[in-house]
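This report refers to the structure that appears directly beneath it.
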Amino acid sequence: MATKLASRILAPADIVFDYVRNLDKVQLWVKEVEEAWYTHEPADRAEGTTFVQKIRQGLSLNTYQGEVLGFEQDRWLQVRLTGEALIMHVDYRVRPEERGCHFTFVTEVSSRNLRGAFLGMMFQGFSEQVLRRQLMTLKRVAEAEHRRA
């Protein structure tokens, strides 16, 4: 199942992209991420960077191994998160505009086993609500940072 969401954000692309790329800032807009750290961090944090995220999903705290699959500074980031039951591919795109930027992300979730298939069916509609909330939070925090600058 894939979900695509987009929004115009009244902040420069570099500010928005920093919230997507920097694990410390991801936690400011993705409330479900309780912990995150790099396990292999090349100097440019581009392809091949690996990390771990502990993500709250309902009552469970699940650990996901992450890897950066694609990267273009301030424009594009693609990651894969692999957990016990689910695999998530997320593609983030930031396009500069005259006043701010256009932000798009596509999240595709697939199951690794029967538990993952069950979770996917149970929470499909709920997942989209969570992603919409995350997008609105990203918009709010990035625009607030831009106003402070």
Side-chain angles (χ1 to χ4, degrees), residues 1-11 13-42 44-94 101-148:
M1 68 190 136
T3 302
K4 180 179 180 178
L5 297 172
S7 181
R8 183 159 186 255
I9 300 178
L10 298 176
D14 62 325
I15 288 176
V16 174
F17 195 77
D18 194 42
Y19 278 95
V20 172
R21 178 182 189 211
N22 184 335
L23 286 182
D24 294 330
K25 287 192 169 185
V26 166
Q27 293 175 278
L28 298 174
W29 65 281
V30 182
K31 302 301 182 194
E32 294 75 19
V33 175
E34 293 194 5
E35 288 183 71
W37 63 91
Y38 293 102
T39 53
H40 173 67
E41 183 179 4
D44 58 3
R45 287 196 192 146
E47 289 94 344
T49 299
T50 58
F51 56 94
V52 174
Q53 288 185 340
K54 290 194 174 191
I55 300 174
R56 174 75 54 197
Q57 293 172 298
L59 298 176
S60 299
L61 184 61
N62 299 302
T63 301
Y64 285 85
Q65 305 298 317
E67 181 179 5
V68 175
L69 303 176
F71 177 84
E72 183 183 342
Q73 180 64 42
D74 294 338
R75 295 193 180 268
W76 175 57
L77 178 68
Q78 184 180 66
V79 298
R80 176 181 56 228
L81 297 163
T82 304
E84 184 181 310
L86 300 171
I87 298 173
M88 294 180 271
H89 285 90
V90 187
D91 188 275
Y92 302 96
R93 301 209 180 239
V94 181
C101 64
H102 185 265
F103 178 78
T104 304
F105 73 103
V106 178
T107 303
E108 189 168 345
V109 179
S110 58
S111 59
R112 296 188 69 194
N113 49 39
L114 287 175
R115 180 174 174 255
F118 176 74
L119 290 172
M121 286 187 314
M122 292 294 295
F123 296 107
Q124 186 171 1
F126 179 71
S127 295
E128 187 170 335
Q129 289 176 347
V130 169
L131 294 171
R132 285 186 191 286
R133 181 178 40 83
Q134 291 171 356
L135 177 57
M136 292 302 101
T137 303
L138 173 61
K139 180 177 171 62
R140 183 176 41 81
V141 297
E143 289 176 353
E145 180 176 327
H146 176 58
R147 284 192 300 273
R148 286 191 304 271

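Around the CD atom of E84, the shell of radius 6.0 Å holds no more than 12 heavy atoms that belong to other residues, nucleotides or ligands.
Across all non-hydrogen atoms, the minimal contact from R56 to L59 is NH1-O, 3.0 Å. Between V94 and F103, the closest heavy-atom pair is CG2-CD1, 3.7 Å.
A donor-acceptor pair is defined here as one N or O able to donate and one able to accept, closer than 3.5 Å; such a pair exists between the side chain of E143 and the backbone of L10. Side-chain atoms of T39 come within 3.5 Å of backbone N or O of T50 as a donor-acceptor pair.
Note that the CD atom of E35 and the CD atom of Q27 stand 8.0 Å from one another [nearest 0.5 Å]. With rounding to the nearest 0.5 Å, the separation of CZ in R75 from CG in D14 is 11.0 Å. E108 contributes atom CD, which lies 7.5 Å from atom NE2 of H89 (distance to the nearest 0.5 angstrom). Taking CD1 of I87 as the start and OG1 of T82 as the end, the distance is 5.0 Å to the nearest 0.5 Å. Distance CG/L28 to OH/Y19: 6.0 Å, rounded to 0.5 Å. Within the model, atoms CD of Q65 and CD of Q53 stand 10.5 Å from one another, a figure rounded to the nearest 0.5 Å.
For the salt bridge (Lys or Arg N to Asp or Glu O under 4.0 Å) with E145, the qualifying choice from K25, R140, K139 is K25, the only one to do so.
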